[in-house]
Amino acid sequence: MLQRIQTIWTLLAVLAAVFLFITGQDVAVFSNIPVINIGSIVLVIVGALSIFSFKNRKRQILLNTISIIINALLIGVLAYWLLNLSGGIDFPEKGIEPVFPLVAVICLLIANVYIRKDERLVKSVDRLR
């Protein structure tokens, strides 16, 4: 069922990945390899798979966990990029790219909480039958 609250949280994480793709066009971490763009595309695909696998909650939790790991790696890559830019680390001058993966991690953690809550509810109803 697509109208559940965890779908909204997962959709917000996918939107954060889309915004990272849009704003991360100028990020050049490893010379010519577009790490941020590839990571953002993978996050959107995994997020879409997670949203549309609402019947299999275990797969949804697994896909969200994979997205959290990819977002954590992107946070590390973006922090490395910010620290290697000249002039120190000053967010208003250098961009808000690291904020998007952080928002996505928080949204995915909240989505996992609601998915686990649904899983417990279904198991408790099955016990009553």
Side-chain angles (χ1 to χ4, degrees):
M1 300 195 317
L2 291 175
Q3 70 269 19
R4 297 185 315 198
I5 187 72
Q6 58 263 27
T7 305
I8 294 171
W9 287 110
T10 309
L11 182 66
L12 288 174
V14 169
L15 287 176
V18 169
F19 290 145
L20 177 64
F21 180 79
I22 292 169
T23 61
Q25 298 297 322
D26 61 338
V27 177
V29 181
F30 304 113
S31 64
N32 295 329
I33 304 171
V35 176
I36 304 302
N37 292 343
I38 293 170
S40 299
I41 292 169
V42 169
L43 284 172
V44 169
I45 292 170
V46 171
L49 286 174
S50 175
I51 288 172
F52 290 110
S53 65
F54 55 87
K55 290 183 180 180
N56 192 345
R57 286 175 292 280
K58 289 183 182 182
R59 182 186 307 152
Q60 213 173 13
I61 290 173
L62 176 70
L63 290 172
N64 284 350
T65 305
I66 291 170
S67 292
I68 289 171
I69 292 169
I70 294 171
N71 276 313
L73 291 173
L74 284 177
I75 289 172
V77 167
L78 287 169
Y80 174 78
W81 172 69
L82 281 176
L83 291 174
N84 284 335
L85 286 177
S86 61
I89 184 166
D90 195 15
F91 286 110
E93 293 177 8
K94 296 197 177 169
I96 58 169
E97 287 88 1
V99 173
F100 294 124
L102 184 65
V103 168
V105 166
I106 293 169
C107 290
L108 289 168
L109 287 173
I110 294 171
N112 277 348
V113 166
Y114 282 111
I115 294 169
R116 286 187 183 101
K117 190 175 181 182
D118 274 358
E119 186 69 27
R120 284 192 306 265
L121 179 66
V122 168
K123 284 182 181 180
S124 70
V125 170
D126 284 343
R127 276 187 232 128
L128 292 175
R129 286 186 198 177

Side chain proximity check, Val44 to Phe21, heavy atoms < 4.5 angstrom = no
Salt bridge flag under 4.0 Å for residues Arg57 and Asp118 | no
Between CD1 on residue Ile110 and CD1 on residue Ile8, distance to nearest 0.5 Å = 12.0 Å
Would you check if Trp9 and Leu108 make a side-chain contact, meaning some heavy-atom pair closer than 4.5 Å?
-> no
What one should report as the nearest heavy-atom pair of Gln60 and Ser50 is NE2-O, 3.1 Å
Do Leu121 and Val113 share a hydrophobic cluster, counting only Ile, Leu, Val, Met, Phe, Trp and Tyr and linking them when any side-chain heavy atoms are less than 4.5 Å apart?
-> no
Taking C-beta and beyond as the side chain, do Ser40 and Ile36 meet within less than 4.5 Å on heavy atoms?
-> yes
So if you build clusters from Ile, Leu, Val, Met, Phe, Trp, Tyr with side-chain heavy-atom gaps below 4.5 Å, do Leu63 and Ile41 land together?
-> yes
Hey, are the side chains of Leu43 and Ser67 touching, using non-hydrogen atoms and a 4.5 Å cut-off?
-> yes
CD1 on Ile115 to CD1 on Ile5, rounded to 0.5 Å = 11.5 Å
Would you find a donor on one side and an acceptor on the other, under 3.5 Å apart, between the side chain of Thr10 and the backbone of Gln6?
-> yes
Going only through I, L, V, M, F, W and Y residues with side-chain contacts under 4.5 Å, is there a path from Leu20 to Ile45?
-> yes
Flag yes if Leu109 and Leu73 sit in one hydrophobic cluster, no otherwise; membership is Ile, Leu, Val, Met, Phe, Trp, Tyr, and two members link when side-chain heavy atoms are under 4.5 Å apart.
-> no
Spacing of Phe54 atom CZ and Thr7 atom OG1 [to the nearest 0.5 Å] = 8.0 Å
To the nearest 0.5 Å, atom CG of Leu49 lies from atom CG of Leu62 at 11.0 Å
Starting at CD1 of Ile66, measure out to CG of Asn71 and round the result to the nearest 0.5 Å.
-> 12.5 Å
Can you measure from CD1 (Ile68) to CD1 (Ile61) and round to the nearest 0.5 angstrom?
-> 10.5 Å
Exercise: identify the closest heavy-atom pair between Ala111 and Asn64 | CB-ND2, 4.0 Å
Residue that, paired with Pro98, satisfies side-chain contact (heavy atoms from CB on, under 4.5 Å) out of Leu74, Val77, Ile75, Leu78 | Leu78
Identify the heavy atoms of Val14 and Ala48 that sit nearest to each other, and give their distance.
-> CG2-N, 4.3 Å
According to a 4.5 Å side-chain heavy-atom criterion applied to Ile, Leu, Val, Met, Phe, Trp and Tyr, with indirect links allowed, do Val46 and Ile69 form part of one hydrophobic cluster?
-> no
